[in-house]
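Proteins get letters first, then strands, A, B, ... in listed order; numbering begins at 1 in each.
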There are 2 protein chains.
Amino acid sequence: MTEQAGISIQQIVEKVWLSIAERRLRPGVQLKEGQMAAIFDVSRARIRQALAALEREGLVTIIPNRGAFVCQPTVDEARDVFTIRRSVESRVVARIGASVTKADLSRLRGHVAQERTANTNDATTDIIKLSGGFHLLLAEISGSDFLFGMMRDLISRTSLITAVYRNTARFNCGPDEHAEIVDAIAAGDLKKASALMEHHLEHVESELDLREVRDMSHDLRAALA
Amino acid sequence: MTEQAGISIQQIVEKVWLSIAERRLRPGVQLKEGQMAAIFDVSRARIRQALAALEREGLVTIIPNRGAFVCQPTVDEARDVFTIRRSVESRVVARIGASVTKADLSRLRGHVAQERTANTNDATTDIIKLSGGFHLLLAEISGSDFLFGMMRDLISRTSLITAVYRNTARFNCGPDEHAEIVDAIAAGDLKKASALMEHHLEHVESELDLREVRDMSHDLRAALA
DNA sequence: CATTCAAAAATTGTCTACAATATTTTCGTA
DNA sequence: TACGAAAATATTGTAGACAATTTTTGAATG
């Protein structure tokens with residue numbers, strides 16, 4: 001992490017999120033206040049604010065008197081997150097559907113285009129930002145502060161989960177599928193948009209290695225046989 | 001609010017939540033740091049931590065350089081909250097179902113009994129705490145930190161919404177319905193438990209006056225005619 | 001060599017003073 | 001009386017110092 005003079009708390013939060021999503025910070029790592037204050041050249045008070053925000057987003061757990069640690073999501077929690085995320089995304093699509101404007105659609109299509117450019121350039125940081133950013137943009141367009149806040153947390157948590165449980169080096173979640181969702185919204189077909197979103201999230205979830213512990217046992221038995 | 005020497009941040013948060021739920025603090029009211037610091041006899045720094053937590057739970061919105069204000073939820077947001085809450089509650093029930101213990105059930109039944117006692121005593125503060133607390137206990141028993149955190153926020157937001165949009169003086173959400181849900185879980189009938197929970201939340205939502213703005217216009221026209 | 005205890009060091013928790021920003025009041029002018 | 005500008009006041013934002021807690025290190029003992 002490089003020094004950033006005059007950096008905002010939100011910028012600190014984003015940098016930590018990206019470091020986690022890019023697997024440079026792994027679960028269990030301690031984020032020491034003094035160290036981070038030096039890295040970002042801010043006071044400890046501001047680091048504490050950033051850590052509180054990271055805890056809110058599920059990326060970090062703060063243990064009183066001991067410190068802040070990057071979270072280790074469990075398999076069950078991963079499934080919880082995807083389950084709840086599907087209903088939040090569905091609600092967002094429903095909220096967008098009746099009132100989406102040409103400007104909204106233009107923004108969404110522009111965003112997908114940016115995703116494609118980042119893919120072409122193999123720009124990991126941009127890919128991660130834009131992949132989650134597409135879903136955040138949908139939530140923003142829905143006009144619901146509540147859904148936007150929910151989505152922000154869910155995107156953060158999903159980033160952590162994919163960093164831990166995804167076996168591939170792939171960081172995006174598919175501009176093609178995003179484009180299809182935009183097209184369905186543009187066509188006013190909310191059922192289709194919702195179904196495409198569900199399929200998209202199932203696709204993302206299917207890329208994670210969330211095998212049950214007993215499957216691990218099975219593998220171990222096979223390995224020892 | 002009375003002075004509390006040695007009060008924790010969580011206690012401050014709870015006091016503000018209760019004040020909002022009991023309609024003693026209305027939407028738009030500013031929570032001034034210095035004033036709250038004096039009321040609770042703590043430093044401003046701790047009040048800022050409590051306000052950040054209240055913002056996280058959706059009860060307060062902090063406007064930079066201007067202050068913290070109790071939120072005014074919109075009708076659409078209220079509907080969003082109930083929609084997402086239904087899926088979170090359903091997921092909690094699913095997570096509890098396969099592994100619920102006798103001790104869990106005992107705790108749940110004890111909680112419902114407490115709710116009934118509070119009702120009999122017409123103890124408003126206890127009623128509010130225990131009503132939301134039942135759902136939090138379910139989430140705790142599910143063993144999922146994520147679902148517990150989600151539920152905590154949703155309970156807070158629901159309290160604010162009911163304070164604003166419920167026309168009756170009723171503060172609880174029904175020990176009888178809670179007891180039925182516990183019975184269904186105890187019987188291993190998760191479909192039934194989930195359906196009862198859904199019905200319960202629809203019941204809570206139906207007690208809110210969430211008419212559309214145009215209905216207000218209609219009322220105004222009738223009033224002016 | 002392993003264990004225990006005390007001291008030192010590291011880290012987090014909290015407070016208060018100062019800086020920055022916003023709001024209210026006062027004063028001058030038309 | 002109304003309006004605008006400046007001053008005063010109120011409130012929030014931030015930093016560094018001190019307090020409290022936890023962890024690590026070093027010494028003593030068996």
Below 4.0 angstrom from OP1 or OP2 of D/dT12, is there any side-chain N or O of B/Arg66? no
Using a strict 4.0 Å threshold on nitrogen-to-oxygen distance, state whether A/Glu205 and A/Arg85 make a salt bridge. no
Protein-nucleotide distance (A/Asp41, atom CG; D/dT14, atom P), rounded to Å: 14 Å
When we call it a touch if two heavy atoms are under 4.0 Å apart, what does A/Arg44 touch: a base, just sugar-phosphate, or nothing? base
Can you label the angle between the B/Phe134 ring and the B/His111 ring as parallel, tilted or perpendicular, going by 30° and 60°? tilted
Can you tell me the distance, in whole Å, between the CG atom of B/Leu31 and the P atom of D/dA10? 19 Å
Side chain of B/Ser43 only, heavy atoms from C-beta on: which candidate in C/dT14, D/dA15, C/dG13 is closest? C/dT14
Just the rounded figure in Å: distance from P of C/dT12 to CD1 of B/Ile9. 16 Å
Could you tell me whether A/Arg157 and A/Glu57 have a side-chain N and a carboxylate O separated by less than 4.0 Å? no
Which nucleotide wins on minimum distance to the side chain of B/Asn65, given the candidates C/dG13, D/dT14, C/dA22? C/dA22
Would you mind reading off the distance between A/Ile47 atom CD1 and C/dT12 atom P, rounded to a whole angstrom? 11 Å
Ignoring backbone atoms, test whether A/Gln30 places a side-chain nitrogen or oxygen under 4.0 Å from the OP1 or OP2 oxygen of C/dT12. yes
Select from A/Ala45 and A/Ala68 the residue whose nearest nucleotide in DNA chain C is closer to the 5' end of that strand. A/Ala68
Mind checking if A/Gln35 touches a base, just sugar-phosphate, or nothing, with heavy atoms under 4.0 Å? nothing
Whole-Å distance, A/Phe69 CZ to C/dT12 P, equals 8 Å
Does a side-chain N-to-carboxylate-O contact under 4.0 Å join A/Arg166 and A/Asp209? no
Between atom CD1 in A/Ile63 and atom P in D/dT22, what is the gap in whole Å? 12 Å
Could you check how far CD of A/Glu33 sits from P of D/dT23, rounded to whole Å? 14 Å
Looking only at heavy atoms, what is the nearest atom pair of A/Pro175 and A/Arg116, with distance? CB-CG, 3.8 Å
How close or far is atom P of C/dT16 from atom CZ of B/Arg48, stated in whole angstroms? 15 Å
